[in-house]
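Order of appearance sets the numbers: ligands from 1, and atoms from 1 within every ligand. Treat the numbers as computed from the prediction; the structure is a model and nothing was measured.
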Amino acid sequence: MRIDVITIFPGYLAPLREALLGRAIAAGLVDLDVHDLRDWTHDVHQAVDDAPYGGGPGMVMRPQVWGEALDAVLARDARTPRIVVPTPAGRPFTQATAQEWAGAERLLFACGRYEGIDQRVVDDARGRGLPVDEVSIGDYVLVGGEAAVLVMVEAVVRLLPGVLGNPASAEQDSFSDGLLEGPAYTRPETWRGLAVPEVLRSGNHAAIARWRRDRALERTAQRRPDLLAALPERALDKADRAF
Ligand SMILES: N#Cc1c(N)n[nH]c1-c1ccc2c(Cl)cn(Cc3cccnc3)c2c1
């Protein structure tokens, strides 16, 4: 997978070259290029923003600069990317989104700042038949798109074959079966007077699986009843319903 990121703060994306993601890049599983939007300005001030039409607070990012940047970055690889534009007004980014994007050959993230990117940049890209996803990572307000891109790239890249040491981890993710993960434990057996649940030390794999499923159902019901309500009928078996 090729990932391109366009931003006015390239340094903000440095963590993408650390740890798991860094190893994926080193292993050739991911090609990452981070581009400075100001490389496509032509004035001495390298202006990337201007006042909003219709008035209002803040500034809006100029379409000319973004148009040139996107055209140039698109042309650097024959593969057509999904263009991802983080925005507070976007569709929710979920595990399902990450799984969908993990199948893409190429992702191009357009990181904006200020009050956002002139809407005509997205409209022009869509008008040329390019797939554009305007997404939000959650119901809170950030200062720009870079933090969102760090989150989304990690969520996607960890799903790529060969990235996680143990592929089962991704299969047993929270959300992968529609439920939150239950509690996890490791040695010692007792710590500060708190013991590991006995069933986990029983060696009875059926009982352990049942206990873990019950804890996942319990936690999901307590913390994310919306996820439970969204589960398809077939997702809960008779034992689940008895829980
Ligand atoms: N994804 C996501 C996401 C999220 N979950 N919160 N905030 C953002 C986000 C993403 C992109 C931008 C761009 Cl471009 C500018 N801003 C600042 C801003 C703040 C309030 C209203 N308008 C713009 C962004 C905030």
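The cationic group of Arg212 does not satisfy the cation-pi geometry with Tyr185, failing either the under 6.0 Å distance to the six-membered ring centre or the 45° limit from the ring axis. For the pair Arg213 and Trp211, the cation does not sit on the ring face, since its NZ or CZ is not both under 6.0 Å from the ring centre and inside 45° of the axis.
With respect to atom 9 (C) of ligand 1, the closest heavy atom belonging to the protein is Pro88 CD, 3.5 Å. Shortest contact from atom 23 (C) of ligand 1 to any protein heavy atom: Tyr114 O, 3.7 Å. The shortest contact between atom 4 (C) of ligand 1 and any protein heavy atom is with Tyr140 O, 3.4 Å. Counting protein heavy atoms only, atom 5 (N) of ligand 1 is closest to Gly138 O, 2.9 Å.
When each atom of ligand 1 is checked for a heavy atom of Pro86 under 4.0 Å away, the hits are 1 (N), 10 (C), 11 (C). With ligand atoms numbered from 1 in the order given, ligand 1 contributes 1 (N) to contacts under 4.0 Å with heavy atoms of Val135.
The backbone N or O of Asp43 sits nowhere less than 3.5 Å from a side-chain atom of Thr41 that would complete a donor-acceptor pair. Between the Asp240 side chain and the Asp237 main chain, a donor and an acceptor come within less than 3.5 Å of each other.
Within the 4.0 Å heavy-atom shell around ligand 1 one finds Val141.
With a 4.0 Å cut-off on non-hydrogen atoms, Ala148 touches ligand 1 through its side chain and not its backbone.
Around atom CG of Asp139, no more than 12 heavy atoms belonging to other residues, nucleotides or ligands sit under 6.0 Å away.
Partners of Arg201 according to the side chain to side chain contact (heavy atoms under 4.5 Å, CB included) rule, which considers only residues two or more places apart in sequence or in another chain, are Glu189, Val196, Glu198.
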